[in-house]
K.L.:
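This structure is in C-alpha cells; I'll ask about it shortly.
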There are 2 protein chains.
Amino acid sequence: MSKATTIHDIAKRLSINSSTVSRALNNDDRVAAKTKARVQAMAEQMNYQPNQLAANLRKQRSNTIGVVVPYLSRHFFSTVIAGIEEQAHQHGFNVIICQSKEESEREIKNLETMLHSRVDGILISPTLAGDNLAFLSSMMDRKIPVYFFDRHFDEMDTTRVLMNDQAIAEEMCDHLLQQSSGSMRVLTGPIQASIYRARIQGILNSFRKHGLNTEEKLHIEEVPLTLDKSQELVKQWIQRQESFDMLFCMNDMAALGGLQALLDAGYQVPQDCMVVGFSNEPVSKLMHPAITTVHQPAVAMGKVVTKKLIQHIEEPESITYSETTILKSKLIIRASSLRNE
Amino acid sequence: MSKATTIHDIAKRLSINSSTVSRALNNDDRVAAKTKARVQAMAEQMNYQPNQLAANLRKQRSNTIGVVVPYLSRHFFSTVIAGIEEQAHQHGFNVIICQSKEESEREIKNLETMLHSRVDGILISPTLAGDNLAFLSSMMDRKIPVYFFDRHFDEMDTTRVLMNDQAIAEEMCDHLLQQSSGSMRVLTGPIQASIYRARIQGILNSFRKHGLNTEEKLHIEEVPLTLDKSQELVKQWIQRQESFDMLFCMNDMAALGGLQALLDAGYQVPQDCMVVGFSNEPVSKLMHPAITTVHQPAVAMGKVVTKKLIQHIEEPESITYSETTILKSKLIIRASSLRNE
DNA sequence: TTGAAAGCGCTAACAC
DNA sequence: GTGTTAGCGCTTTCAA
C-alpha cells in the first residue's frame, strides 16, 4: 500500500464522479440508494480512510475542541476532562488538551497554538492572574466561542458552568457554627479566584447569620493548597499556641495535612478541633476520623459545558445569549466535624 | 474583521509573491533578511494567524499525537499525560486524548477517529482483552508509529517504555519475606496484563529465592483494584478466619481498602499483617500506619516515550529498530511493612 | 533571491 | 441524481 485511497480512486473504479462519492459517503439524501451501496462497498473494499484534514480545510472547521486546565493531574480536572472527552467524542469532536500550570503566559501560548490549529471552540478553567483575560476576549472577537468551567472571569460575558461554591460553603459553615461558637481558620487558594471568593463570601454570610464577629472569630489564610504546606502551617499555629477549634480547608489535600498536624500534636478531632475539606477525594473518607467534605459533580460539569459549546459551534446563529449554569455540589458530613455522636 | 488574513493578503500588500511570504514566515534561508523583516512586520500588523489546517493538508502531516489511556482520571495516567503534553508542546505537537475505559471496541473506534484525523503517531497504554492488537498492527502497517507505555503487547514489535515491574515487585516481596515466613495474599488486576504478570513473576521469584512453597504460602486474587472492592474482600477473608500476615496490593487504593478492613477488625498493622501498595498516591503516606508503596516516575515516562515518538515522526528513516526502555521505580518503605521498629 | 504554478483531498454551488 | 468546476490556505518544485 504505497498511497492512501481517496474519493477520486473510488470514483474512477466506479466510473462516477468524485463528488457523488463524497455525497454518498456523507449520506446525502440526493444520492440514489443503489449508488450509495456501491460506493460504500467499494470504499470498504479499497480500505478507504477519509482524510479529515482535507475536509476540515474545506469546511473551515477542525471538529476539535481545545481544553485548558491548570493541571491535568489534579483529580478534579482530570475527572472533568473525562466528562468533556466523552461528550465530545459522542458528537464526533476531537479534544486537544493543554495545561497552564497557573502561568498566564503559558496559557496564552497554548491558546495561540490552538488558534492556529483552528479549534472550533475553547473550554477553559483559566489562570487567575495575568493578562490572559484580554487574549480570551480577543478570541471571542474572532468568533471562537470560549466557555468557562469551574473558574471564570466576571468581566467576560460568556457561557460558564460553575459549582454553587458560595451556597455550599455557607451550608458547610452553618454546619460547623451550629456545633461551635469558637474560632475558625480558613485555608484558601488565591483570593482573586472566583471560586475562593465565592466560598469565602458563603462563610461570611454564615457568620453574619449566626451573629458572630468575623474580626475576632475568623482568620483567613491564603496558601498553596497542598498537603505539605497545610500540615506545616497548622503545625506552626499549634506551636505558637494560637487558638482555633474549626479548620475549614478549600480542598481535601489541605484538610488531610491539617488533620495530620492536629493529630500529631495530640489533638482530638473533632472534639478539640473540627476539620473539613472540599472535593471529596476518595481518601477523605478513609482517614481517622473520616473527613467532612463537598462532593462536586465533576464529570457532569465536563459533559454539560461541552454539550453547550458544541451546540454553539453547530448553530452559532441560535446562540444570542450567554448563560451561567450552577451545578449543585453536595455536603458530605463525616466524623471530622460531628461532635454530637 | 470579517475574514482572516492569509499569506496572499500579506503578499498583495507588499507586492511580492505569496510563496516568498510563506518562505519568510518559515524562516527559509533563501529569503533576504530585509524581505523577511518586512514580511514579519506586515504579518504582525495585519494580525496574521497561520492556518495549520492548510499547512497540514499540504504537508500530509497533522503535527498531532494521539494518546489512548484506559481512564483519564486515574492519577497515574493523568500524570503520564502531563509529561506527554509538556514534551509534545515543546516540539510543536498537539496532543489529542481518548479513554478506552478498558473496552477494546471503544479503543478501536477512538483509534479510527485518530486515523482519520491523520495523527502522526500513537501513544497507547492498551486495553488488554479483545481484538485491538490486530488493529494496532494495521496502523503500524500504514506507517503510523504506535508506541506503548506502561502496558504493552509482547506480540507487537515496537518501541515501548515500561516500568521495572518485575524487579521492583521482587524487591518488595524480599522486603516482606525478610520479616515474615507466614502467608501472603496478593490483590492483582487482570492477569492478562503484562504489568501484573510481571509483578507476579517477581513475587514468585522472591518466594523461590527464599525457599518458600508458593502453593501453601501464596494466594493470588484477581479483583478490580478499587478501594471498596478490596475492603470488602479483605473483610470477608477476616470473617472466614482465613489466615495471612502479608497483604500485597497492586495499587494504593486497594492497599488503603485492605488496611481499612484490617484495622476495622481490630488487627494491628504491621504486627498482625503487613500491607503494601503500588504507585505512591499522595495519601499513602498519610495513613496510620503510613503505607509502603512503589514510586513510579510517571511524568518521566510520558516525556521519554513522547520524545522517542517525535524522533520517529521527524526522521522515520533513521528508526530501523524498536527498543524497550525500562524506567526504574523506587521502593518506599513505610510503617505498614516495618515490624522491627 | 524571488515568482509562477500546481496540487494536498475534500466539499459545495451551480448546472443539467 | 449526478457531473462540472472552483476553491479552502498553504508548501514546494521548477524556472528565472
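Scope of the values below: all heavy atoms of this structure, side chains included, with no hydrogens, waters or symmetry mates. If you're wondering where the values come from, they're calculated on a predicted model, not measured in any experiment. Reminder, nothing fancy here: chain letters follow the sequence lines and each chain counts from 1.
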K.L.:
Which residues satisfy the ring pair (Phe, Tyr, Trp, His ring centres under 6.0 Å) test with B:Y147, sequence neighbours excluded?
P.N.:
B:H312
K.L.:
Does a nitrogen or oxygen in the side chain of A:Q60 sit under 4.0 Å from OP1 or OP2 of D:dG9?
P.N.:
yes
K.L.:
Can you check whether A:L136's main-chain N or O pairs, donor with acceptor, with A:S138's side chain at less than 3.5 Å?
P.N.:
no
K.L.:
According to side-chain contact (heavy atoms from CB on, under 4.5 Å), who are the partners of B:R13, at least two apart in sequence or on a separate chain?
P.N.:
B:M42, B:Q45, B:M46
K.L.:
Could you tell me the separation between the CG atom of A:L57 and the C1' atom of D:dG7, rounded to a whole number of Å?
P.N.:
9 Å
K.L.:
On a heavy-atom basis, which atom in A:A193 and which in A:L128 lie closest, and how many Å separate them?
P.N.:
CB-CD1, 3.1 Å
K.L.:
I'd like a table of atom pairs between the protein and nucleotides 12-16 of chain D - only N or O on both sides, under 3.5 Å - with the distance next to each one.
P.N.:
{"from": "D:dT12", "atom 1": "O4'", "to": "B:R58", "atom 2": "NH2", "distance (Å)": "3.3"}

K.L.:
Could you pull out every donor-acceptor pair under 3.5 Å between side chains of residues 68-81 of chain A and any protein atom, sequence neighbours left out?
P.N.:
{"from": "A:S78", "atom 1": "OG", "to": "A:R74", "atom 2": "O", "distance (Å)": "3.4"}
{"from": "A:S78", "atom 1": "OG", "to": "A:H75", "atom 2": "O", "distance (Å)": "3.2"}
{"from": "A:T79", "atom 1": "OG1", "to": "A:H75", "atom 2": "O", "distance (Å)": "2.6"}

K.L.:
Please determine if B:E314 and B:K308 form a salt bridge, counting it only when a charged side-chain N lies under 4.0 Å from a carboxylate O.
P.N.:
no
K.L.:
Give the residues of residues 6-16 of chain B touching DNA chain D, defined as any heavy atom closer than 4.0 Å, sorted by residue number.
P.N.:
B:T6, B:I7, B:H8
K.L.:
For DNA chain D, find the residues of residues 31-42 of chain B with a heavy-atom distance under 4.0 Å and give them by number; none if there aren't any.
P.N.:
none
K.L.:
Go through the side-chain N and O atoms of A:E323 and A:T159 and say whether any donor and acceptor fall under 3.5 Å apart.
P.N.:
no
K.L.:
When the C1' atoms of the five terminal pairs at each end define the local axes, what inter-axis angle does the helix from C:dT1-D:dA16 to C:dC16-D:dG1 show, to 10 degrees?
P.N.:
30°
K.L.:
Nucleotide range of DNA chain C contacted by chain B, 5' to 3', under 4.0 Å to a heavy atom?
P.N.:
C:dT1 to C:dG9
K.L.:
Taking the side chain as every heavy atom from C-beta outward, state whether A:V161 and A:F148 have any pair of such atoms under 4.5 Å apart.
P.N.:
no
K.L.:
If the condition is side chain to side chain donor-acceptor pair (under 3.5 Å), which residues does B:E86 pass it with, not counting sequence neighbours?
P.N.:
A:K101
K.L.:
Between the side chain of A:S62 and the main-chain N/O of A:R118, is any donor-acceptor distance below 3.5 Å?
P.N.:
yes
K.L.:
Answer yes or no: is there a donor N or O on one side and an acceptor on the other, between the side chain of A:S137 and the main chain of A:L133, under 3.5 Å?
P.N.:
yes
K.L.:
Between A:N56 and D:dC8, is there a side-chain N or O to OP1/OP2 distance below 4.0 Å?
P.N.:
no
K.L.:
With a 3.5 Å cut-off and sequence neighbours excluded, list the donor-acceptor pairs that the side chains of residues 110-117 of chain B form with protein atoms.
P.N.:
{"from": "B:N110", "atom 1": "OD1", "to": "A:H89", "atom 2": "ND1", "distance (Å)": "3.3"}
{"from": "B:N110", "atom 1": "ND2", "to": "B:Q99", "atom 2": "O", "distance (Å)": "3.2"}
{"from": "B:N110", "atom 1": "ND2", "to": "B:R106", "atom 2": "O", "distance (Å)": "3.3"}
{"from": "B:T113", "atom 1": "OG1", "to": "B:K109", "atom 2": "O", "distance (Å)": "3.0"}
{"from": "B:H116", "atom 1": "NE2", "to": "A:Q49", "atom 2": "OE1", "distance (Å)": "2.7"}
{"from": "B:S117", "atom 1": "OG", "to": "A:N94", "atom 2": "ND2", "distance (Å)": "2.8"}
{"from": "B:S117", "atom 1": "OG", "to": "B:T113", "atom 2": "O", "distance (Å)": "3.2"}

K.L.:
Which residues pass the salt bridge (charged side-chain N to carboxylate O under 4.0 Å, His left out) test with B:D28, sequence neighbours left out?
P.N.:
B:R30
K.L.:
For B:R38, give me all partners under salt bridge (charged side-chain N to carboxylate O under 4.0 Å, His left out), at least two apart in sequence or on another chain.
P.N.:
none
K.L.:
Side-chain contact, heavy-atom cut-off 4.5 Å: B:I16 with B:V21?
P.N.:
yes
